[in-house]
Amino acid sequence: MKIGVNHLVYDIIRKIPYGRVSTYAAVARAIGYPRAARAVGNALNKNPYAPHVPCHRIVKSNGDVGGFARGQKAKENMLKQEGIKIKQGKIFNFCNIFYDFS
DNA sequence: ACGGTGACGCTCA
DNA sequence: TTGAGCGCCACCG
C-alpha cells in the first residue's frame, strides 16, 4: 500500500457526510489534481478501504450515478438507503445534496 | 518502457 | 437534448 495521492483520495471521501454526495472532479480538485477525475475513479475501483470509505457517495459531475465495482444497482441502493432519491440513473436533488470540499 | 483501458469531464455539432 | 470527440491521470498486460 502506497502513501500518496490515492491515500488522499480515500481521506477526502471519508469526510463526505451521511446523505450527501460529491463528484469525481470535486475530489480530484480537492487533492490538487483538477484533471485527474479518471484517476480518482481508478483508485476507487481498487478501494482497499471498502466499507470504511463511502465511495458510493461519489457520482458524476452531470448528476449521473456513475459506475461501481459491485454494480451500479448496488450503488443506487446504498444511496437510497441514505435518503438519496434516484430518478432513471440520475441523482434527484443533486444540487441540494452535493458536498463541495472547498 | 509502451500502448490500451477505465467507477470521468468538457466542448461542439 | 443527445451523442461524438478529445484530454486527463493512474493501473495493467
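A, B, ... follow the sequence lines: proteins, then strands. Residue 1 opens every chain.
Between the CZ atom of A:Arg70 and the P atom of B:dA7 there is a distance of 15 Å, given to the nearest Å. The distance between atom CG of A:Leu8 and atom P of C:dA10, rounded to the nearest whole Å, is 12 Å. The separation between A:Gln72 atom CD and B:dA7 atom P is 11 Å, rounded to whole Å. Nucleotide C:dC9 holds its P atom 15 Å from the CZ atom of A:Arg29, rounded to whole Å. Look at CG on A:Asn6: it is 14 Å from C1' on B:dA7, rounded to the nearest Å. Distance, A:Lys75 NZ to B:dA7 P: 11 Å, rounded to whole Å. Between the CG atom of A:Asp64 and the P atom of C:dG3 there is a distance of 12 Å, rounded to whole Å.
In A:Phe101, the CZ atom is crowded: over 12 heavy atoms of neighbouring residues, nucleotides or ligands sit closer than 6.0 Å. Other residues, nucleotides and ligands contribute at most 12 non-hydrogen atoms within 6.0 Å of the CZ atom of A:Arg29.
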Would you please test A:Phe68 and A:Cys55 for side-chain contact (heavy atoms from CB on, under 4.5 Å) and show each step?
-> CA-CA 9 Å; A:Phe68 198 64; A:Cys55 49; 4.1 Å; yes
Please test A:Arg57 against A:Met78 for side-chain contact (heavy atoms from CB on, under 4.5 Å), starting from the C-alpha separation and ending with a verdict.
-> CA-CA 9 Å; A:Arg57 294 180 190 153; A:Met78 296 171 79; over 6 Å; no
Where do A:Leu79 and A:Ile91 land on the side-chain contact (heavy atoms from CB on, under 4.5 Å) test, with the steps shown first?
-> CA-CA 9 Å; A:Leu79 291 174; A:Ile91 304 294; 4.0 Å; yes
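Residues A:His56 and A:Glu76 bring no donor and acceptor atom of their side chains to less than 3.5 Å of each other.
Within the structure, every side-chain polar atom (N or O) of A:Asn42 is placed at least 4.0 Å from both OP1 and OP2 of C:dC8.
Closest contact between the side chain of A:Leu44 and the listed nucleotides C:dC11, B:dA7, C:dC9 involves B:dA7. Listed nucleotides: B:dA7, C:dC8, C:dA10. Nearest to the side chain of A:Arg35: C:dC8. In the set B:dA7, C:dC9, C:dA10, C:dC9 carries the atom at the smallest distance from any side-chain atom of A:Ala36.
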Would you tabulate the side-chain donor-acceptor contacts of residues 14-21 of chain A under 3.5 Å, counting partners in other chains and residues two or more places apart, or write 'none'?
| unit_1 | atom_1 | unit_2 | atom_2 | d |
| --- | --- | --- | --- | --- |
| A:Arg14 | NH2 | A:Asp11 | OD1 | 2.2 |
| A:Tyr18 | OH | A:Gln81 | O | 3.2 |
| A:Arg20 | NE | A:Ile97 | O | 2.9 |
| A:Arg20 | NH2 | A:Phe98 | O | 3.0 |

Can you pull every protein N or O that's under 3.5 Å from an N or O on nucleotides 9-11 of chain B?
| unit_1 | atom_1 | unit_2 | atom_2 | d |
| --- | --- | --- | --- | --- |
| B:dG9 | OP1 | A:Ala25 | N | 3.3 |
| B:dG9 | OP1 | A:Ser61 | N | 3.2 |
| B:dG9 | OP1 | A:Ser61 | OG | 2.6 |
| B:dG9 | OP2 | A:Ser61 | N | 3.1 |

